[in-house]
Chemist: 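Quick one: structure below, then a few questions.
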Amino acid sequence: MTAPTPFEVSQATRTSRVAGVIAIAAVAVLAAAPLWAGRADMRLLSEIFTYLALASLWNLLAGFTGLVSVGQQAFVGFGGYMLFAIATFGGIHPLATVPIAGVLGAAVAVPVGILIFRLSGAYFAIGTWVVAEVFRLVFAQISTLGGGSGSSLPVAVVRSIASGRDLREWFTYWCALVLVIGVLALVYGLLSTRRGLALTAIRDSEVASESLGIDIWRTKFLVYIVSGGATAMIGALIFLQKLRISPDAAFSVNDWTAYVIFITVIGGIGTIEGPIIGTIVFFMLRETLADLGSIYLLILGLVAILIMLKSPRGLWGFVVERFGIELFPVRRRVQVGALQGEGKAPREPG
Amino acid sequence: MAAGGRLMAILELSQVMKRYGALIVADQIDLELAQGEALGIIGPNGAGKTTLFNLIAGTVRVDAGAVSFAGRDITYLRAAERCRIGISRSFQIPHPFGGMTVFENVLVGATYGAGKGERASYGRVMEILELTALTGKANALAGALTLLERKRLEMARALATSPRLLLLDEIAGGLTEPECRELVEAVRQIRSTGVSIIWIEHIVHALIAVVDRLAVIDFGRKIADGDPRQVIESPEVREIYMGIEADA
C-alpha cells in the first residue's frame, strides 16, 4: 500500500555538536591545570570533580531506575578503606588500588543488592542507609585499619605515589579528572545505547516496560552494581587526597549522600546535564557563603525548597522546557521526507 | 462452537482464578484461542475483562488454574518473558514513556520485545508508525500526545514486539465514526498477517466487524462464548446489556 518512506535516524543535534567541541576544549584546559592553577585551586577542582561524579552516579540510580539510595556512603567509605588496606598491606602503588577498589566495590554490591532489592520505595531508601551504618560499624571494629579513630596513610606509601609533593598532587588531580570523565562517559554510554532505552523506559513507566519485554529487576541490579563499583573508586580517590580515613568521615551520610542528593535535585534529576548544573551551583554557593556557618546550611535548604517548588525537574529541567536544549543527546530523531524537523526544512535523504 | 477443524490452540486458560480479598475478579475461567483466531470480549465495567488480560500477559499472577501459550505452560512466567515469547498487550489506560519520543517508545517494543538490535529495528518501527498513523509524530514526546494518539501509541508499541498473540484493551473508546472505521481496518490488517487477537471493546459493532468469536464476562465469570451474533442475541447478554443493540 505504501512504499517505504526514506528516513534517517540520528542522535546528535547542532547544540550537542557545539557542546562536544566546548567539552573537549574544557577537558584540555582542565588537564593543563598544573600550569595555571595553584595548589588550593586544584584541590577545589578535584573536589568538584568527585562531587560531579558522585552526583552523576546517584542520578543514574535514582533518576533513571528509581532506586533512591541514601546509603551510597557505604561504597564511598568501602572504597576508601580498600585503598588504605591494599596500599598499606598489599604494597601496591596507591593509584593502582583505585580500580581495584572499584572491582571490590562492585563485588560487595552484589550481596548487598540481593539483600536490599527485596525492599522497595521508602523501605529501600532506609535499607541502604542501614547497610551503610553496618559498614561503618564493621570498619570501626578493624583495629589494623585504626578502629574507631581511623588511621593515616603511612609516609612511605604517600611517598610512593610520586617523588615530590607537587607531582603527587598533580597525579591525584589527574586521577580525579579521569574518573569524572569516565563516569560521565559511562552514564552517557549507558543512556545513549539500547540499554538506555530500557533505563529511560523504566524511569517513565515500569508497568509498560515490563509488558514490552524489559527485565526490570536485572536492569536495575546491573545499574546498582555498576554505580556501586564506580562510587567505590571515587571513594578511594577521595581518601587518597585526604591521606587520612576514619569511620565517621568515610561513611558520612551528609558528605557523600545529602550534598549529592541536593546537587542532583536542584540541577535536575533524570537528566545527564542536571548533576553538572547542580555541582556548579552547589560550589558557587559554598565558596561564597560557607563562612556564614549554619546560616549557609539554612540557605542551602531554602534553595532546595524553592527550586523543588518552582521547578520540580530542577534547573536543567527548566532550561529544557524553556529552550529545548540538549547537551548530551540521547534522543533519537527521525528525519522523514514529509516530516517537519524542529522548524527546519526537512532534508530529503538520497 | 469454537473454531472448526482443530487448529493448534495458541492460548489456553483452564480454571483460572483470581481474587482480591473477598472480591473474585476471575472465577474459574476456561478460554481457548486457536492460532490466527480473533476473539472479542465484552462485559460491563468492572466485570473482570482487564483482569483477564493482566492474567494472560503476566502483569498479575493467577491464584489457581493454568495458562498455556502455544502448548507451553506459562502460568509462572513473568510479564517480560511472556512478551518475548509472543504475547503483547495494549493498556486500557495508556502508559506512554512520557520523556521519550514516539519513535523511541515503539523502538523499545521492537528491541526488547522482539529481541532485535537497535538499528535492525528502525525499518520495522517506521512501518508500524505508518500503520498506526503516527509517522508525523515520530519526534514528539509521548507525554505531549493527545489521548487518541496515546491509544494509537499503545497499539504501535504492542505491535512492535512482533506478537503472535495481541491483546487489545479498549482502543476504540472515544473515536469518531471514520476514525473507528480506520481502526477496524488496521486491526484487520494486523490479523491478516497471522497474528491471533483478543480484543476487549465496548463499541460492539467495531468488534463484530473483526472477530470470529465473542465472549462475555460478568462478575469474573465467562457467561457466553461463541458466534458473535448468537452471543449478542442470547437472553443472558441482553439482560446485561439492556438497550444495547447489535447494530453493525
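Chain naming here is simple, since letters A, B, ... match the order of the sequence lines and numbering starts at 1 in each.
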Chemist: Does A:Phe318 CZ have over 12 foreign heavy atoms under 6.0 Å away?
Modeler: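 Atom CZ in A:Phe318 is not packed in, count stays at 12 or less.
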
Chemist: Would you say the side-chain atoms of A:Glu210 pair up with the backbone N or O of B:Thr59, donor to acceptor, closer than 3.5 Å?
Modeler: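 Answer holds: no.
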
Chemist: Counting heavy-atom pairs under 4.5 Å to chain A, which of B:Gly117, B:Gly99, B:Gly98, B:Ala142 comes out on top?
Modeler: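 Counting heavy-atom pairs under 4.5 Å, the top option is B:Gly99.
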
Chemist: If I measure from the heavy atoms of chain A, does B:Leu129 come under 4.5 Å with its side chain, its backbone, both, or neither?
Modeler: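 Answer is neither: B:Leu129 stays 4.5 Å or more from chain A.
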
Chemist: Under 6.0 Å from the CD1 atom of B:Ile93, do we count more than 12 heavy atoms belonging to anything else shown?
Modeler: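 For B:Ile93, atom CD1 is not crowded (no more than 12 foreign heavy atoms under 6.0 Å).
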
Chemist: Using the rule given for side-chain contact (heavy atoms from CB on, under 4.5 Å), can you reason through A:Ile214 versus B:Tyr112, listing the C-alpha separation, both sets of side-chain angles and the distance that settles it, and then say yes or no?
Modeler: CA-CA 6 Å; A:Ile214 295 172; B:Tyr112 283 90; 3.6 Å; yes

Chemist: How many angstroms lie between atom NE2 of B:His95 and atom CD of A:Glu206, to the nearest 0.5 angstrom?
Modeler: 11.5 Å

Chemist: To the nearest 0.5 angstrom, please state how far the CZ atom of B:Arg119 sits from the CZ atom of A:Arg194.
Modeler: 13.5 Å

Chemist: Would you find more than 12 non-hydrogen atoms of other residues, nucleotides or ligands less than 6.0 Å from A:Arg313 atom CZ?
Modeler: no

Chemist: Working to the nearest 0.5 angstrom, can you tell me the gap between B:Asn139 CG and A:Gln335 CD?
Modeler: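 B:Asn139 CG to A:Gln335 CD: 7.5 Å, rounded to 0.5 Å.
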
Chemist: Take atom CZ in B:Arg61; do more than 12 heavy atoms of anything else shown fall under 6.0 Å from it?
Modeler: yes

Chemist: Under the 6.0 Å and 45° cation-pi test, does A:Arg331 pair with B:Phe103?
Modeler: no

Chemist: Heavy-atom distance under 4.5 Å to chain B: side chain of A:Ser209, backbone, both or neither?
Modeler: both

Chemist: Give a yes or no on whether the backbone of A:Leu212 and the side-chain of B:Arg157 come within a donor-acceptor separation of less than 3.5 Å.
Modeler: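 Here the side-chain-to-backbone pair does not exist.
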
Chemist: Under a 4.5 Å heavy-atom cutoff, which of A:Leu197, A:Ile202, A:Thr200 has the most pairs with chain B?
Modeler: A:Leu197

Chemist: Kindly give the heavy-atom pair with the smallest separation between B:Phe91 and A:Ser211, and that separation in Å.
Modeler: CE1-OG, 3.3 Å

Chemist: How many angstroms lie between atom CD of B:Glu81 and atom CG of A:Asp215, to the nearest 0.5 angstrom?
Modeler: 7.0 Å

Chemist: Please report the closest heavy-atom contact between B:Phe97 and A:Ser205, naming both atoms and the distance.
Modeler: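 That would be CE2-O, 3.5 Å.
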
Chemist: B:Arg82 versus chain A, heavy atoms under 4.5 Å apart: side chain, backbone, both or neither?
Modeler: neither

Chemist: Where do A:Gly213 and B:Arg84 come nearest, in terms of heavy atoms and distance?
Modeler: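 In terms of heavy atoms, the two residues are closest at O-NH1, 2.5 Å.
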
Chemist: Does any backbone or side-chain atom of B:Pro163 lie under 4.5 Å from a heavy atom of chain A? Answer side chain, backbone, both or neither.
Modeler: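 Interface part for B:Pro163: neither.
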
